[in-house]
Every structure is written in C-alpha cells, then in structure tokens.
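Just so it is clear, the model here is predicted, and its values are computed rather than measured. These values consider heavy atoms only, across backbone and side chains, with no hydrogens, waters or symmetry-generated copies. Read the numbers this way: they start at 1 and go in the same order the structure lists the ligands and their atoms.
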Amino acid sequence: MSHLRAIPGTGDEPPRQPSRSGTATTVRVEAPGKVNLFLSCGAPGADGYHPLTTVFQAVRLIETVTARRQARDAHGAITLTLEEGPAVPTDERNLAVRAARLLAEATGVTEGVDLLLRKRVPVAGGMAGGSADAAAALLACNTLWGTGLEATELIELAARLGADVPFPLVGATALGQGRGDRLSPLMTRGTYQWVFALQNRGLSTPKVFRRFDELAAGRGAAPATEPVPERMTAALRAGDTAALAAALHNDLAPAALSLRPELARVIALAQDAGALRAIISGSGPTVAALVPDAATAQAVAQALDHSGACAGVLRADAPVAGARVVG
Ligand code: C5P
C-alpha cells in the first residue's frame, strides 16, 4: 500500500497520513557513486530527455548523509551542513535538501531535519555524487521520520529528483532504461578494480547531452539506443575483467571529448600505464580506468598523478551495495 501523498498533476492516490514510528535522534546513511559500464543514448523525446540503455556499477566511493532530529521549536526547516569534502551549495540547489523536502511533502511530514554531508564522489564528475546524496537523504529521513516508505516507493520519489537518483538506492550492478531510472539488477561475479582520474572543472550533464545532439545532427543521423551486448552481460556473469574491459562503451564520450579534448590524453595515459580500458564516466569529465589487479591500479594511479593531466586520482573497487543505514 502506498504512503505517498498525491503530487498535483500526477494522478496519484489521495493523501494518506503515514504512521509515525521514528524514535532515533540521528540516522547515518551511506550511498555509493557509480560508473556506467555501458551507455547507449537515443534522440531526445518531447520532454528533452534522452532514452538510455545503460549499465550502472556502484563503486566504493561513498557519500555519507547524517540526518539529525531537530528540537521541537525548530519550525520545520531543512538544513544542510558540509561535514567533509568539496564545497557544494547547501541550499535548495542541493539535491539532498530537495530529497528531504520531497519526502516530507509526499508523506505529510511537517518536522524539519538537519542534514550533515560527507562527500567522497567527485562533484559534477559524471559519477552521480549529487544523486547519491539525494538517495542517502531519502533513506535517512525515511528512517528518522518513521515515514515507513518501502524501497519501491523511495525509488519512485528518487526518479522524480533526477534520472540517476534511483540507482544509488539499489547499488550493485543494474541495467537502466528509460531515462536511466528504470532499473533491473544484473547478475555479476567477482570484484573489479577502478582508477578514477579527476578534473578541476566539472562538466554540465545537460551541456554534454546537447553536444551529443549537435554531433548527431552533424552526422545527419537519428541516434537510437542499442541493447546491452551479450558479451558484456556474459563478462559480468563470469567475472571476466578483460572481457568486460573490451565491452565497455559510452555514447556520450565523443560529446564529452568534444567539450574537453584534453581528456583523450588522460585516457591514453591510463591505458599506456596498464589499464585494460579507460573510458569517460557517464557525462564526464572523470575518466574511469578498469585495471586487472592492485599492482596495476597503483601504477596507473601513479602515472596519472605525475602526468599533470588530472586534478587528482581515486581508487575504488566495485560493485558495492546501495544506500544503507549504518548508524
Ligand atoms: O535527471 P537529471 O536532472 O539528473 O538530468 C539532468 C539533465 O540531463 C536533464 O535536464 C537533461 O538535460 C539531461 N538528461 C537527458 N537524458 C537523460 C538524463 C539526463 O537529456 N536520460
């Protein structure tokens, strides 16, 4: 049974008062960043969104959102404080704040919350860090407020916040369709090692999609989404890193490279240093290098670090679980 309140214009069920059972004063939630192992992009629909077929993998770069109960006289404000990590907006522009607000509106909660955010995923890097923050905030507030929404209901709210927000709730490895928000789990075996090359300046996702459209128009082609190739799902099922590397694909790469030509050198550096493949992560500009083992991860990280071609390097294994309460 749905606890979601009617959102005007969506044709939802009438409002329903949630049962309130939250007793904790603090709830901490961790949610992962992601890399797209496969991303095939079609021509935009009337709503401006592009149909996608994508494979997400959750990586061990973890965002942490702590939700704190407020004093009774706190007037229901939703506040956000940065605990650690790069400076990002802390007002309504922040997706975690919007997530808490949406959950409150959808369930009829009137109390506020103080959110604390620790960021590890690069900002505007094509790794859905902001989406992970929103996913974590949804789960943290659902637990703190005792609003009792089920996983499917949280996923439905997440999709209203952004195409990449449902995935960090689910984690592991999943096929994404529609805007990338219709998820189904994919069976995988083993652990994969990634090295991520960061850039100082992020890339705007809408800008990358617009460049994708311009490049397609220039070719006189109407792009269509391709299914995930069997060789990728087979590689994942077998835990075959080399076969997975060979199947990695990102339709947004030419657009990101056209906006940031210098990323081609980062990809070449990673591959020359021993990465099986290096690709643009999502809409970029982070470059994700899949490596066969820890020693190669070290060599690739060092080569990238010393090259001056990137602003920083992170290492992470994958896949990892989706958002979960940790305290
Ligand atoms: O859904 P989200 O707000 O994260 O998307 C940011 C922007 O990226 C959208 O406004 C749209 O311009 C673009 N986008 C798209 N097609 C998708 C996902 C995102 O065009 N499937």
Review point. Which bit of F209 is near ligand 1, meaning a heavy atom under 4.0 Å away: side chain, backbone, both or neither?
Key: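 Looking at F209 and ligand 1, just side chain atoms fall under 4.0 Å.
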
Starting from [atom], find the nearest protein heavy-atom neighbour and note its residue, name and distance.
| atom | value |
| --- | --- |
| atom 11 (C) of ligand 1 | Y49 CE2, 4.3 Å |
| atom 1 (O) of ligand 1 | A163 N, 2.8 Å |
| atom 21 (N) of ligand 1 | H50 O, 2.8 Å |

Point to revise | Interfacing atoms of ligand 1 (cut-off 4.0 Å, heavy-atom, L52) | key: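 Counting from 1, the qualifying ligand atoms are 21 (N).
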
Review point. Would you say T205 has any N or O atom under 3.5 Å from an N or O of ligand 1, going by distance alone?
Key: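 By distance alone, the answer is no.
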
Review point. Under 4.0 angstrom from atom 6 (C) of ligand 1, is there any protein heavy atom?
Key: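 Under the 4.0 Å cut-off, atom 6 (C) of ligand 1 has no protein heavy-atom neighbours at all.
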
**Study point:** ligand 1 contacted by D164 (non-hydrogen, < 4.0 Å)
**Key:**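 No.
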
Review point. Under a heavy-atom criterion of less than 4.0 Å, does G48 contact ligand 1?
Key: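 So G48 counts as touching ligand 1.
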
Exercise for review: Determine, for R69 against E111, whether the closest basic-nitrogen to carboxylate-oxygen distance falls under 4.0 angstrom.
Suggested key: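 Looking at E111 together with R69, the answer is yes, because their closest N to O distance falls below 4.0 Å.
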
Check your understanding: Is R324 salt-bridged to E30, going by a charged N under 4.0 Å from an acidic O?
Key ->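 Yes, charged N to carboxylate O under 4.0 Å.
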
Check your understanding: Quick check: are there more than 12 heavy atoms from other residues, nucleotides or ligands sitting under 6.0 Å from CZ of R68?
Key ->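 12 or below, so no.
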
Review point. So, the side chain of D181 versus the backbone of A159: is there a donor-acceptor pair under 3.5 Å, distance only?
Key: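 No; judged by distance alone, with no hydrogens or angles, the pair does not exist.
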
Exercise for review: Could you tell me whether a side-chain N or O of R98 sits under 3.5 Å from a main-chain N or O of L161, the two making a donor and an acceptor?
Suggested key: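 Side chain of R98 to backbone of L161: no pair is present.
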
Point to revise | Polar side chain donor-acceptor pair, H249 to N36, under 3.5 angstrom | key: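 Note: H249 and N36 side chains miss the donor-acceptor criterion.
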
**Study point:** Beyond-backbone contact of V320 with V59, side-chain heavy atoms, under 4.5 angstrom
**Key:**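 V320 does not reach V59 side chain to side chain.
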
